[in-house]
Visitor: 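Here it is, the structure in full.
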There are 2 protein chains.
Amino acid sequence: MIRYANESRFVQAVDCIVFGFDGETLKILLIQRGFEPEKGKWSLMGGFVKPNESLEQASTRILKQLTGLDGVYLEQMHTFGDPSRDPMERTISTAYFALIDIHKYEQQLNNDYHPEWFSVKRMPKLIFDQQEMVEMAQRSIRYKAALHPILFELLPKRFTLPQLQILYESVYNTTIDKRNFSKRVLATGLLIKQVEKDKSSSKRGAYYYHLNMQKYYANFQSFLNFIPNPTNLISQ
Amino acid sequence: MIRYANESRFVQAVDCIVFGFDGETLKILLIQRGFEPEKGKWSLMGGFVKPNESLEQASTRILKQLTGLDGVYLEQMHTFGDPSRDPMERTISTAYFALIDIHKYEQQLNNDYHPEWFSVKRMPKLIFDQQEMVEMAQRSIRYKAALHPILFELLPKRFTLPQLQILYESVYNTTIDKRNFSKRVLATGLLIKQVEKDKSSSKRGAYYYHLNMQKYYANFQSFLNFIPNPTNLISQ
DNA sequence: CCAAAAGTGTTCCGTTTACACCCATGT
DNA sequence: ACATGGGTGTAAACGGAACACTTTTGG
C-alpha cells in the first residue's frame, strides 16, 4: 500500500461511558482494566480500533463484548488526543456514551470482565483522563436530554410516569411538580397508556406506559421541555 | 518507550470547516490540496497531527497556517474513522468547525495556499468524505446557533441589527419579522448600542452595536430563541 | 381506617406572535 | 418629493408555572 511519508501514526482507542438507571440514581458501568498500564484499576470500557473496523464498529464491538448487549443507544461524544494522556504510548481515544436498560443488562452478568455499576456520585478514581470523559458525558446527556427524549433508552419497555419523573429528577438533581411533568410528557404524544399497573411501589398502582416508537423516531430532533430552566441545571 | 504490542497505528488528521459571512450568504473556505492523492482538488483545510501536539493544537496550527488568523472560534465536531475514507492509507480525521469574521481574513490573503470562499449552496465537489463533513458542520452550526450566540463570531466588532438578521435568515434559509427579531435580540442584553450609524446600505443609516462581552461569555450556555421553531429548520 | 403513592384541573402570568405605520435622508 | 431601508408598539393567543385535593387499596 502506498502511504503518507513522514507522518506519525498513533494507536486509536474508543472508550464507552455506559449509563444505566436503577430506579433511584444514574449509574455508570466500570471494569477493572485487564492489562498494563494501570492493570486492575477501575476504568471505562474501552479497547483499540482494529485495521478494518470503523470507530462505530469498534465501540459497538467492545460494548457487546463487555455487556453482551446489541442495539444499544450509542453516540459519539468527543475525541481526546492530548499527547500525554496515556503514559504507555500516545493514544487517541474517541469517547462514546451509551444508554442502556440496566435490567436487560443484569441478565447478562455472566462474563469474564466483572463490570460493576457505580453511582455517578460515588465513583472510584479512574485512569488517565477518564474522569474528564465521565464528567463530559454527564454534561452531554444533561444537555441532550433537556432537548431530546434520550432518557427513555434507560427505561424498560414499559414504565410508569413516577419512574420517568424520578429519572429526570435524578439526572438533573432537581425536583419537578408532578402535575406539570405529566402534562408536558403526555402532551408530546410519545407515550401510550397501558391497562396494567405497576403495583410494586404503591397500593393503588401506577399505570404502565409504552413509548410510541413511531413518534419517538419521527420527532426525535424536536425540542422538548420536560425540564423547567434546563440551562441552570446542565452545567452542574 | 514501552508500547502496546499487537495494536495497529493510524495516521491522525484534523480537518477544519471554516465558515464566514459576506453580508449575504454563508460561505466556507476551501483550498486546493497540495499533495497526493487528489492533489489540486478542492478540499477542506486539513493536516496531520504531529507527535507532540494535541488535536486542538493541530487544528489551531493548521488554521493559522492557512488563514493567518489566531484566536478563532473553533469547536470539535466529530471524528471520522471509516477504514476506507482515505484511499492512500487508513486515516482518522477529527473535524472541527471554525467561525471567522470574513473581513478580518480578507486582509490576510497573502499566503501560499490560495484559499477561496464558496457559498455553501454552490460548492465544488470535495475529496474523500469531506462533503459529509461539510453537511454535518452545517447541521451543527444550525443546531448550536439556535440555542447559543455563536453567529456573532461571524460578524465584525460592530454590526447592525439588519446585518444580524440577514445572517440568521441566511443560516436558516428563512425570513423573520424584524420587529420581533429586534425585540428578542435586544431583550438578551447581549448588544450595546453605539452612537454611530452604518450608512452604507441606506440613507437613514442603521445603528451599530457591539457585543457585551461580559454577558456573552457569562450567558453563553443559556438557551436563546432568536429563531422561531428552530427544529423545523435545523435538518434542512 | 389509615398511610402512602397516584392521578388530575384551574388560574395567573409572562412570552410569543401577528401585524402596520412613521422616520430619516440622499438623490 | 420620493424612494429606500430603519426603527418602533400593541393586542391577542398561547404556553408555562404555581398550586391542593381526591382516589385507590394493602395492611
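We name chains A, B, ... by the order of the sequence lines, and we start the count at 1 in each one.
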Visitor: Can you tell me the distance, in whole Å, between the CD1 atom of Ile227(A) and the P atom of dA17(D)?
Guide: 11 Å
Visitor: Please state how far atom CZ in Phe223(B) lies from atom P in dT15(C), giving the value in whole angstrom units.
Guide: 17 Å
Visitor: So, Thr94(A) and Thr79(A): side-chain donor and acceptor under 3.5 Å apart, yes or no?
Guide: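 Note: Thr94(A) and Thr79(A) side chains meet the donor-acceptor criterion.
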Visitor: Calculate the interatomic distance between Gln165(B) atom CD and dG6(D) atom C1'; express it in whole Å.
Guide: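 After rounding, the reported distance stands at 11 Å.
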Visitor: Which pair of non-hydrogen atoms, one from Ala145(B) and one from Tyr168(B), has the smallest distance, and what is that distance?
Guide: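 Of all heavy-atom pairs spanning Ala145(B) and Tyr168(B), the closest is O-CE2, 4.1 Å.
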Visitor: Would you state whether a donor and an acceptor, one from the side chain of Lys178(A) and one from the base of dA6(C), lie under 3.5 Å apart?
Guide: yes
Visitor: Would you kindly check if the NZ (Lys) or CZ (Arg) of Lys193(A) is within the cone defined by 45 degrees around the ring axis of Tyr209(A) and under 6.0 Å from the six-membered ring centre?
Guide: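 Because its charged atom misses either the 6.0 Å distance or the 45° angle limit, Lys193(A) does not stack over Tyr209(A).
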Visitor: Between Asn180(A) and dA18(D), is there a contact of a side-chain N or O with OP1 or OP2 at under 4.0 Å?
Guide: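 Answer no for this pair, as no side-chain N or O of Asn180(A) is under 4.0 Å from OP1 or OP2.
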Visitor: Taking 4.0 Å as the cut-off, does a side-chain nitrogen or oxygen of Arg184(B) come that near to OP1 or OP2 on dT17(C)?
Guide: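 The answer is yes; a side-chain N or O of Arg184(B) sits under 4.0 Å from OP1 or OP2.
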Visitor: Atom CG of Asp198(A) to atom C1' of dT24(D): distance rounded to whole Å?
Guide: 15 Å
Visitor: For Leu151(A) and Leu167(A), work out which heavy atoms get closest and say how close.
Guide: O-CD2, 3.4 Å
Visitor: Using heavy atoms to find the nearest nucleotide of DNA chain D for Lys203(B) and Tyr207(B) separately, return the residue whose nucleotide is more 5′.
Guide: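 Final value for this comparison: Lys203(B).
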Visitor: Rounded to whole Å, please give me the gap between CZ in Phe159(A) and P in dA6(C).
Guide: 15 Å
Visitor: Does the cation-pi check pass for Arg184(A) over Phe226(A), that is, NZ or CZ under 6.0 Å from the six-membered ring centre and within 45° of its axis?
Guide: no
Visitor: I'd like to know if Lys199(B) reaches the base of dG26(C) with its side chain, counting only an N/O donor and acceptor under 3.5 Å.
Guide: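 Absent.
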Visitor: Kindly indicate whether the side chain of Arg179(B) and the base of dA20(C) share any N or O donor-acceptor pair separated by less than 3.5 Å?
Guide: yes
Visitor: With respect to the side chain of Pro162(A), which nucleotide from dA6(C), dG6(D), dA17(D) is positioned closest?
Guide: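 So the side chain of Pro162(A) is nearest to dA6(C).
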Visitor: What is the distance, rounded to the nearest whole Å, between atom CZ of Phe181(B) and atom C1' of dG6(D)?
Guide: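 The distance from CZ of Phe181(B) to C1' of dG6(D) comes to 14 Å, rounded to the nearest Å.
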Visitor: Where the side chain of Lys183(A) is concerned, which of dT8(D), dA6(C), dA17(D) is the nearest nucleotide?
Guide: dA17(D)
Visitor: Does Asp177(A) contact dA17(D) through a side-chain donor or acceptor facing the base, at a distance under 3.5 Å?
Guide: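 No pair found.
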Visitor: Mark yes or no for a side-chain to base donor-acceptor pair under 3.5 Å between Arg204(B) and dA24(C), with no hydrogen or angle criteria applied.
Guide: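 Donor-acceptor pair under 3.5 Å: no.
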Visitor: Rounded to whole Å, how long is the line connecting atom OH of Tyr208(B) with atom C1' of dG7(D)?
Guide: 17 Å
Visitor: Here's a test of your reading of the structure: between Pro228(B) and Ser201(A), which maps to the more 5' nucleotide of DNA chain C?
Guide: Ser201(A)
Visitor: When you check the phosphate oxygens OP1 and OP2 of dG15(D), does a side-chain N or O of Asn225(A) lie under 4.0 Å from one of them?
Guide: no
Visitor: Over how many whole Å does the gap from Lys197(B) atom NZ to dC23(C) atom P extend?
Guide: 13 Å
